[in-house]
Student: 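This is the structure I want to talk about, given as structure tokens.
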Amino acid sequence: MFDLNGKRALITGSTQGIGKAVAAALSGQGAEVIIHGSSSLEKCRRAAQEMPGKAEIVLEDLSKEGCADRLYDKTGDVDILILNASVQVRKAWDEITPEEFDLQIRTNLKASLFLIQRYASYMRRQGWGRIITVGSVQQYKPHKDMAVYAASKCAQMSLVHNLAAQLAPEGITINNLSPGVIATPRNEAALNDTVYAKKVMTGIPMGYAGDAKDCAGAAVLLCSEEGRYITGTDLIVDGGMHL
């Protein structure tokens, strides 16, 4: 089951955290993976060395205009596209600057659309493809200091709903994966604050933060033949936090 031999996968933002765990899981099932980072070639190399199988590396800043075309020129076609990279600015809603708004929308939403446009062409020609956008539990319970981030993830989910019906007849599934509180480097500082962490855990029915590997298994399912009949959905991996 979950055999991905012969498949090539690009996972954006995969030098650490959820992206890295997803890349490792796909690699473990036989996929050739492409590790992507925004600026550090060394981080990409370190992550690639930890993959069970063959891994390539690529750099591209997804907040920049024309990023989709440049990234495609570096990677070529893929069978699986995982859009995990994002920018998260923690700030009160009435203090967000136009620059911070634009940065999050460009990276979290605009880049998603144009990357899908660019990479879906090959998938359509071959009649098979898997696309996963990585969302957030904040689609359901937005953090008061991440209003724009949460909004960008809601918009990305709307994009998935829109495209799923259009791509399904061409053999392509597109789904959203929404993590809750996951113990990754992005959340390390917040979870190290024992008072804040205790407050957060009370809002999670399962009572603890997830691990990046909890998201990886879900991604493998959505990318495999076993997940071929799943499209246009939001697979929530949050210990029940959204309830």
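The residues of the chain are indexed from 1 along the displayed sequence. Basis for what follows: all heavy atoms, side chains included, without hydrogens, waters or symmetry-related copies.
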Student: Using 30° and 60° as the class boundaries, would you call the ring planes of Tyr119 and Tyr72 parallel, tilted or perpendicular?
Tutor: perpendicular
Student: Please check: side-chain N/O of Gln29 versus main-chain N/O of Phe2, any donor-acceptor pairing under 3.5 Å?
Tutor: yes
Student: So is Arg130 actually on top of Trp128's ring, under 6.0 Å and inside 45° of the axis?
Tutor: yes
Student: Roughly how far, to the nearest 0.5 Å, is OG of Ser152 from CG of Leu109?
Tutor: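 Leu109 atom CG to Ser152 atom OG measures 7.0 Å (nearest 0.5 Å).
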Student: Indicate whether any N or O donor in one side chain lies under 3.5 Å from an N or O acceptor in the other, for Arg186 and Ser86.
Tutor: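 On atom types as modelled, these side chains qualify, holding a pair under 3.5 Å.
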Student: Do NZ/NE/NH1/NH2 and the carboxylate oxygens of Lys20 and Glu50 come within less than 4.0 Å?
Tutor: yes
Student: Judged by modelled atom types alone, do Ser178 and Asp234 share a side-chain donor-acceptor pair under 3.5 Å?
Tutor: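 Note: Ser178 and Asp234 side chains meet the donor-acceptor criterion.
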Student: Please report the closest heavy-atom contact between Arg106 and Ser63, naming both atoms and the distance.
Tutor: NE-O, 2.7 Å
Student: Under the rule for ring-ring contact (aromatic ring centres under 6.0 Å, His included), what residues qualify as partners of Phe114, not counting sequence neighbours?
Tutor: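 ring-ring contact (aromatic ring centres under 6.0 Å, His included) check on Phe114 returns nothing, list empty.
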Student: Consider only side-chain N and O atoms of Asp77 and Gln126, and report whether a donor and an acceptor are under 3.5 Å apart.
Tutor: no
Student: Going by atom types only, do Ser40 and Glu42 share a side-chain donor-acceptor pair under 3.5 Å?
Tutor: no
Student: Testing Leu83, Leu71, Val87, Asn108 one by one against Leu62 for a side-chain contact (heavy atoms from CB on, under 4.5 Å), which residue passes?
Tutor: Leu71
Student: Which other residues belong to the hydrophobic cluster containing Ile236, where Ile, Leu, Val, Met, Phe, Trp and Tyr are joined when side-chain heavy atoms lie under 4.5 Å apart, directly or via other members?
Tutor: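 Answer for Ile236: Tyr140.
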